[in-house]
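Worksheet: one structure, shown below.
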Amino acid sequence: MTSLHTRLAPDVHLEHLRAESARFRDVLAACDPAARVPACPDWDAADLLWHLATVQRWWTEVLAARPGHPEEIEPPRPEAYDDLLRTYDDWSAGLAAALEGADPQEEAWNWSDDHTVGFILRRQAHEALVHRVDAEQAAGVASEVDARLAADGVHECLDVMYGGMPPWGVWEPGEGLVRVDITDTGVSFWLQFGTFSGTSPDSGTSYADEEDFHVVPAPDDTEVEPDVVVDGPAAALDLWLWNRAGDEDIAVAGDRGVLDRFTAIVASPID
């Protein structure tokens, strides 16, 4: 296994965004609008369709306003399911078109510390993947998840969604190392536990010594062993981290206490 992670090329992210968005639409077009979404029990299929439609519309607005922050406007929701599908078609096509014509290195507002079009492109490819799985679970169908996209999703989930840090925060490294091995792509990621502190300037919420982890380079000393190893195929790990699948295809070994600390973090909802 190698700890080196090479992000997918922008054109590959765009290809996956188009494919996952199309599959999402096809599944929901044949789904009962009232079908429940297992991972989001407050939603039915119509709510899921509207959610991804508005998400893709919003990021299209962000790209149009770059590098500034667009005005946030809540669009009216169509009542008929066919109209929801047509609205999704328009907004999804708009996002793909906006990303196709944009330089991935160009500055664009987003909530992370990577203020580039490329961040949005990558994030939306994975957003579409996760919600495509939601659509399939609501409809009672399934299809394969691309291993390379899922491996990139594991990295993004660990490094950005769980391991990211806002600029107003401070992270202090601590004790505990976890290695996540992706068995079908030959990639592994090292995680180090630490504590996060800081006060959000937007909400005023303060955090003090909250345990989390960061993705870190593999140790230079090849004799250093992780306290815990988590391994499995890319799709199984990605969907598990996003709480869209169980851990049946995932193996763990190592210190039970460190494992409990790791699972406590990844079991928390992702905002």
Side-chain angles (χ1 to χ4, degrees), residues 6-31 33 37 43 45-136 138-139 143-146 148-153 155-157 160-161 238 242:
T6 302
R7 243 164 84 160
L8 298 179
D11 62 327
V12 177
H13 277 135
L14 182 58
E15 177 184 343
H16 282 300
L17 171 61
R18 291 185 186 277
E20 297 295 342
S21 297
R23 172 64 179 168
F24 171 88
R25 196 266 188 211
D26 289 346
V27 171
L28 289 185
C31 184
V37 181
W43 289 356
D47 295 327
L48 176 63
L49 177 58
W50 181 240
H51 170 75
L52 189 57
T54 57
V55 166
Q56 295 192 342
R57 173 191 177 276
W58 165 247
W59 289 107
T60 306
E61 294 293 311
V62 169
L63 291 163
R66 66 183 186 276
H69 187 293
E71 182 181 359
E72 297 190 37
I73 299 173
E74 188 72 27
R77 174 173 169 168
E79 293 186 8
Y81 198 63
D82 285 347
D83 291 335
L84 275 174
L85 286 165
R86 280 190 285 271
T87 299
Y88 172 79
D89 289 342
D90 290 343
W91 292 349
S92 187
L95 176 61
L99 286 166
E100 185 173 24
D103 180 351
Q105 299 301 318
E106 191 172 349
E107 182 181 356
W109 176 88
N110 63 71
W111 47 261
S112 81
D113 58 0
D114 177 6
H115 296 156
T116 65
V117 169
F119 174 87
I120 297 171
L121 177 53
R122 184 193 198 196
R123 175 84 289 281
Q124 290 313 298
H126 292 298
E127 182 86 1
L129 166 62
V130 168
H131 289 315
R132 182 264 282 185
V133 172
D134 283 336
E136 291 181 336
S143 63
E144 291 187 3
V145 173
D146 180 85
R148 289 184 64 219
L149 178 63
D152 187 64
H155 181 266
E156 192 219 31
C157 195
V160 177
M161 308 307 290
D238 195 22
W242 278 99

My understanding is that only residues two or more places apart in sequence, or in another chain, count here; which of them pass side chain to side chain contact (heavy atoms under 4.5 Å, CB included) with [X]?
{"X": "E100", "value": "L14, R18"}
{"X": "E72", "value": "W58, H69"}
{"X": "R86", "value": "D82, D83"}
{"X": "D89", "value": "R25"}

[X] side chain near [Y] side chain, heavy-atom distance below 4.5 Å:
{"X": "L63", "Y": "L95", "result": "yes"}
{"X": "L49", "Y": "Y81", "result": "yes"}
{"X": "E136", "Y": "S143", "result": "yes"}

Rounded to the nearest 0.5 Å, what separation is found between the [atom1] atom of [X] and the [atom2] atom of [Y]?
{"X": "E20", "Y": "S92", "atom1": "CD", "atom2": "OG", "answer": "11.5 Å"}
{"X": "L85", "Y": "D26", "atom1": "CG", "atom2": "CG", "answer": "10.0 Å"}
{"X": "R122", "Y": "E156", "atom1": "CZ", "atom2": "CD", "answer": "5.0 Å"}
{"X": "L28", "Y": "H131", "atom1": "CG", "atom2": "NE2", "answer": "11.0 Å"}
{"X": "R57", "Y": "I73", "atom1": "CZ", "atom2": "CD1", "answer": "6.5 Å"}
{"X": "H126", "Y": "Q124", "atom1": "NE2", "atom2": "CD", "answer": "10.5 Å"}

Applying salt bridge (Lys or Arg N to Asp or Glu O under 4.0 Å), name anything that partners [X], two or more places apart in sequence or on another chain.
{"X": "E106", "value": "R66"}
{"X": "D47", "value": "R77"}
{"X": "D11", "value": "none"}
{"X": "D238", "value": "none"}

Tell me every residue that passes side-chain hydrogen bond (donor to acceptor under 3.5 Å, both in side chains) with [X], counting only those two or more places apart in sequence or in another chain.
{"X": "E61", "result": "none"}
{"X": "T116", "result": "D114"}
{"X": "T54", "result": "none"}

Would you name the heavy atoms of [X] and [Y] that are closest together and state the gap between them?
{"X": "A102", "Y": "V117", "answer": "CB-CG1, 3.8 Å"}
{"X": "A150", "Y": "V145", "answer": "CB-CG1, 3.8 Å"}
{"X": "A128", "Y": "S21", "answer": "CB-OG, 3.8 Å"}
{"X": "I120", "Y": "W109", "answer": "CD1-O, 3.8 Å"}
{"X": "G118", "Y": "R7", "answer": "O-NH2, 3.6 Å"}
{"X": "V27", "Y": "A139", "answer": "CG1-CB, 3.7 Å"}

### Query
Taking atom types as modelled, is there a side-chain donor on D152 or H16 under 3.5 Å from an acceptor on the other?
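Side-chain D/A pair, D152 to H16: absent.
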Next on the checklist: According to ring-ring contact (aromatic ring centres under 6.0 Å, His included), who are the partners of W91, at least two apart in sequence or on a separate chain?
Outcome noted: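 Once residues adjacent in sequence are excluded, the partners of W91 under the ring-ring contact (aromatic ring centres under 6.0 Å, His included) criterion are W50.
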In terms of ring plane angle, is the pair Y88 and F24 parallel, tilted or perpendicular, where the classes change at 30° and 60°?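 If you compare the ring of Y88 with that of F24, the planes turn out tilted.
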Open item on the list: L8 vs L149, test: side-chain contact (heavy atoms from CB on, under 4.5 Å). Steps then yes/no.
Closed with: CA-CA 8 Å; L8 298 179; L149 178 63; 4.1 Å; yes
### Task
Would you check, one step at a time, whether the test side-chain contact (heavy atoms from CB on, under 4.5 Å) holds for Q56 with E127?
CA-CA 9 Å; Q56 295 192 342; E127 182 86 1; over 6 Å; no
